[in-house]
Protein chains: 2
Amino acid sequence: MDETAPQKGTVTQRAIERIKAMIGEGRLEPGQRLPTERDLAAQIGISRSSMREAIRALTVMGVLEARHGSGIYVTQLEAGDLLETFGVVADLSRGPRLVELLEVRRILESTATGLAAARITADQLAEVEKHLTAMNATEDPEEILAHDIAFHREIVSAAGNETMAAILDGLSSRTFRARVWRGYQEEGAFARTRREHAAIHRALVARDPDTARAAAAAHVGEVEHWLRAQLGG
Amino acid sequence: MDETAPQKGTVTQRAIERIKAMIGEGRLEPGQRLPTERDLAAQIGISRSSMREAIRALTVMGVLEARHGSGIYVTQLEAGDLLETFGVVADLSRGPRLVELLEVRRILESTATGLAAARITADQLAEVEKHLTAMNATEDPEEILAHDIAFHREIVSAAGNETMAAILDGLSSRTFRARVWRGYQEEGAFARTRREHAAIHRALVARDPDTARAAAAAHVGEVEHWLRAQLGG
DNA sequence: CACCATCATGTGGTCGGACCACCACGGGTC
DNA sequence: GACCCGTGGTGGTCCGACCACATGATGGTG
C-alpha cells in the first residue's frame, strides 16, 4: 500500500472528482484561471490526455470553460452555464418523453408567468410587447419562432428565478420547439396561439397572477394535448 | 473548396454533433453498439484522442455508455440517463441559487405529490409507509436522510412522470440535501419534519390531491424559508 | 456428450511526446 | 502616445505504443 490515494475507478474519473472537490471546497473561485493542462496532469499524476478528458467532461457540465491560447477558467457557476446540457435532453427525447417534458414546462412556466404578473417592470413589459407585435407582424415561421421564444423568455426572466429560467430555456430549445411545433402550427394553430399570447399579455398588464398562470398553463397545455393525441393515434 | 464538410469549430465538436445527429436521425438506436473508437475516428477523419474526447462528452451527457473491454453503447435515452448531471448543478450551487433550486423543487414536488394522491397504488403506498415508519424509528442522521429521500422519491414516481422524477432526483441529491439540511435539522426541526411527512402521508391515504399538494409545498417551503433567512442574516 | 478452466483476441483506458493554432503580452517603430 | 509585430505560452490535434478488462473460442476433464 502506498501513501497516494488508492485508485477508485478510472484515473480520469479521479481527476474529475478532484477538480469538482476543489471548486466545492472553495479553493477554486468562479472566474479563476486554472493551472495549465500539463501542470494539472503532473500535479495529480496522470497523463495530459486523461486530464484533457476530465477537463472536457467538466466543460460539458458547464463547470469549466477552455479558451484556446489563453487557459482554462472556472465558469461563474450560474444556472445558465450549468444547465446548458438540458437542451440536449429535449433534443434527443422522443415519444412519450416529449409529453413529459411539456408537462414539466407547463408546470414551471405557468408558475413563472404567474410570478411575473406580480413582479414585471414597465421596461420588461415593453420588451414583451415588442416581441408580441413582431410575432404578429410576420408570416415567416423562423421569425415567428424566434419572437415566440423571446416572448416567453422575457416573461419567465421577469419572475426573478434565474435557475427556473435556465431550465425553461433548455425545455424551449430552438430545435425542440421547431420539432414539436412544426406539425402543431401546420394545423392552423396560428390564430389560437395569437389569442393565447394575447391573453397572457393582458393578464400581465392587469397584474393578475392567477389569470396569468392559468393562461400560460392553457397555452402550453394545448400543445401538450395535441402532442398526446398525435402519439395516441 | 473540398468535398469534405468545412471545419466548424473544433474537430471534437464536429464529432459530437455528428454522433448526436446519428442518434437524432434514428440511425443509432438506444442500446445499440457503436463502432470501435478507432473505427469511428477513422470514419470521421480525426484522431482517436479527439474522438475519445467526443465520446467522453456524450458519456457525461448520458447519451453514450462506454464499457471497458466491450464497446460503446447508446443508452436507453431515459430521463434518468440524460438528467444525471442535474445533481452536479445542485452540488456546486451556493448562496441565492440554493434558494432558487429549492423553489423549483417546491413547485415540481408539490405538483407531483398532488398527482400522486390521485394515482398512487396500494403497493406504492405501502412502500411509502415503510420509509415513513423507518424514518421515525431511528436516530441515525444518515439513515433518516436515506429514508427521507426514498420517501419522497416513491411518492414522486407514483405521479407517473419519469422526467419530472429524474429532475427531482437531481434536485434532492444526497450531498445537496446533506449540505442544506444539516443546519436545518440541527435546529430541532426533526419534530416538524415528522409532522409534515405525516400530513403528506395522510393526504395520500385520503386520495386528496389538493391537500397533498399543499402539504408538500409547505414541507419544502419550510426549508426554503429557513435557508432564505440564513442567507439574509 | 456436458461442463468448466484457460487462453487468444479485441475493446476501451492510459500514457508520452510531438506539432499546430491561437492568444496575450511586450518591445519596437512611427 | 498609438500602433504593429514578434515571441512565448496555452489549449487543440495527432500519433503510436502499451495496459486492463470482457468476451468468446479452445481444449481438457468428468
Side-chain angles (χ1 to χ4, degrees), chain A residues 1-2 4-20 22-23 28 30-75 81 84, chain B residues 2 4-20 22-23 28 30-76 81 84:
Chain A
M1 177 157 32
D2 60 358
T4 71
Q7 301 182 225
K8 320 164 187 173
T10 70
V11 255
T12 303
Q13 203 60 37
R14 259 193 300 165
I16 294 175
E17 296 303 329
R18 281 280 286 270
I19 298 179
K20 245 179 23 184
M22 284 191 208
I23 297 175
L28 287 178
Q32 184 177 340
R33 184 176 179 283
L34 274 69
T36 71
E37 294 180 345
R38 294 161 175 89
D39 288 349
L40 274 176
Q43 183 178 323
I44 299 189
I46 67 179
S47 75
R48 192 186 160 204
S49 318
S50 302
M51 175 54 73
R52 273 190 62 77
E53 281 194 36
I55 293 171
R56 167 72 61 179
L58 290 164
T59 299
V60 169
M61 295 188 214
V63 174
L64 297 183
E65 178 190 0
R67 298 181 207 156
H68 192 162
S70 172
I72 307 165
Y73 300 80
V74 182
T75 69
D81 300 328
E84 212 163 299
Chain B
D2 59 359
T4 70
Q7 301 182 223
K8 319 164 187 172
T10 70
V11 269
T12 302
Q13 202 61 37
R14 260 193 300 165
I16 294 175
E17 296 303 330
R18 280 279 285 269
I19 298 179
K20 248 181 18 185
M22 284 190 206
I23 297 175
L28 287 177
Q32 186 177 338
R33 184 177 177 284
L34 275 69
T36 69
E37 295 180 345
R38 294 161 175 89
D39 288 349
L40 273 175
Q43 183 177 323
I44 299 189
I46 66 177
S47 75
R48 193 185 160 205
S49 319
S50 301
M51 176 53 73
R52 274 190 60 78
E53 281 194 36
I55 293 170
R56 167 72 62 181
L58 289 164
T59 299
V60 169
M61 295 188 212
V63 174
L64 297 182
E65 178 190 359
R67 298 182 206 155
H68 191 163
S70 173
I72 307 166
Y73 301 81
V74 181
T75 69
Q76 293 303 319
D81 299 328
E84 214 162 297

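In what follows, chains are A, B, ... by sequence order, proteins preceding strands, each numbered from 1.
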Peer 1: Rounded off to whole Å, could you give me the CD1-to-P distance for the B/Ile16 and D/dG12 pair?
Peer 2: 12 Å
Peer 1: For the side chain of B/Ala66, starting at C-beta, report the closest nucleotide among C/dG12, C/dT14, D/dG11.
Peer 2: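 Taking heavy atoms from C-beta onward, the closest nucleotide is C/dG12.
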Peer 1: Give the nucleotide from the list D/dT13, C/dT14, D/dG11 with an atom nearest to the side chain of A/Ser47.
Peer 2: C/dT14
Peer 1: Would you say the side chain of B/His68 and the base of D/dA22 hold a donor-acceptor pair, judged only by whether the two atoms sit under 3.5 Å apart?
Peer 2: no
Peer 1: Under a 4.5 Å cut-off applied to non-hydrogen side-chain atoms, are A/Lys20 and A/Val63 in contact?
Peer 2: no
Peer 1: Indicate yes or no: at least one non-hydrogen side-chain atom of B/Leu64 is less than 4.5 angstrom from one of B/Val74.
Peer 2: yes
Peer 1: Measure CD/B/Glu53 against C1'/C/dT14 and give the value in whole Å, please.
Peer 2: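 About 14 Å, once rounded to whole Å.
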Peer 1: Between A/Arg38 and A/Gln13, which is nearer to the 5' end of DNA chain C once each is assigned its nearest nucleotide?
Peer 2: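 The residue closer to the strand's 5' end, by nearest nucleotide, is A/Gln13.
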Peer 1: Contact between B/Met61 and A/Val60 at the side-chain level, heavy atoms closer than 4.5 Å - yes or no?
Peer 2: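 Side chain of B/Met61 against side chain of A/Val60, heavy atoms only: contact under 4.5 Å found.
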Peer 1: Find the distance A/Glu65:CD to D/dT10:C1' and express it as a whole number of Å.
Peer 2: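 After rounding, the reported distance stands at 15 Å.
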Peer 1: Choose from C/dT11, C/dC15, D/dA17 the nucleotide whose nearest atom is closest to any side-chain atom of B/Thr36.
Peer 2: C/dT11
Peer 1: Between atom CD in A/Glu37 and atom P in D/dT10, what is the gap in whole Å?
Peer 2: 10 Å
Peer 1: So, OP1 or OP2 of C/dG13: does either fall under 4.0 Å of a side-chain N or O from A/Ser49?
Peer 2: no
Peer 1: Provide, to the nearest angstrom, the distance between the CE atom belonging to A/Met51 and the C1' atom belonging to C/dC15.
Peer 2: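 The distance from CE of A/Met51 to C1' of C/dC15 comes to 14 Å, rounded to the nearest Å.
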Peer 1: So does A/Arg52 get a backbone contact from the side chain of B/Arg56, meaning a donor-acceptor N/O pair under 3.5 Å?
Peer 2: no
Peer 1: If you only use heavy atoms from C-beta on, which nucleotide in D/dT13, C/dG13, D/dT10 is closest to the side chain of B/Thr10?
Peer 2: D/dT13
Peer 1: Got A/Arg18 and A/Leu40 here, is their nearest side-chain heavy-atom distance under 4.5 Å?
Peer 2: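 A/Arg18 vs A/Leu40: side chains apart.
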Peer 1: When you measure from the side chain of A/Thr12, which nucleotide among C/dT14, D/dT13, C/dT11 comes out closest?
Peer 2: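 Of the candidates, C/dT14 comes closest.
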Peer 1: Pick the closest DNA chain D nucleotide for A/Arg56 and for A/Gly69 by heavy atoms, then say which residue is nearer the 5' end.
Peer 2: A/Gly69
Peer 1: Expressed in angstrom and rounded to an integer, what is the separation of A/Leu34 atom CG from D/dG11 atom C1'?
Peer 2: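 So the CG-C1' distance, A/Leu34 to D/dG11, works out to 13 Å.
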Peer 1: Grab the two heavy atoms, one from A/Ile72 and one from A/Pro35, that are nearest each other, plus how far apart they are.
Peer 2: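 Closest pair (atom of A/Ile72, atom of A/Pro35, distance): CD1-O, 4.4 Å.
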Peer 1: Whole angstrom is fine here: how far is it from CD1 in A/Ile44 over to P in C/dC15?
Peer 2: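 Interatomic distance, CD1 of A/Ile44 to P of C/dC15: 11 Å.
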Peer 1: Report yes if a side-chain nitrogen or oxygen of B/Ser70 is closer than 4.0 Å to either non-bridging phosphate oxygen (OP1 or OP2) of C/dG10; otherwise report no.
Peer 2: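 For C/dG10, OP1/OP2 do not have a side-chain N/O of B/Ser70 under 4.0 Å.
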Peer 1: Identify whether any heavy atom of B/Arg67 sits under 4.0 Å from a base atom; if not, whether one sits that close to sugar-phosphate; answer base, sugar-phosphate or nothing.
Peer 2: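 Sugar-phosphate only.
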Peer 1: Ignoring backbone atoms, establish whether B/Arg52 has a side-chain N or O less than 4.0 Å from OP1 or OP2 of C/dG13.
Peer 2: yes
Peer 1: Identify whether any heavy atom of A/Ile55 sits under 4.0 Å from a base atom; if not, whether one sits that close to sugar-phosphate; answer base, sugar-phosphate or nothing.
Peer 2: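 Since no nucleic acid heavy atom lies under 4.0 Å of A/Ile55, the category is nothing.
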Peer 1: A/Arg48 CZ to D/dG12 P: how many Å, rounded?
Peer 2: 8 Å
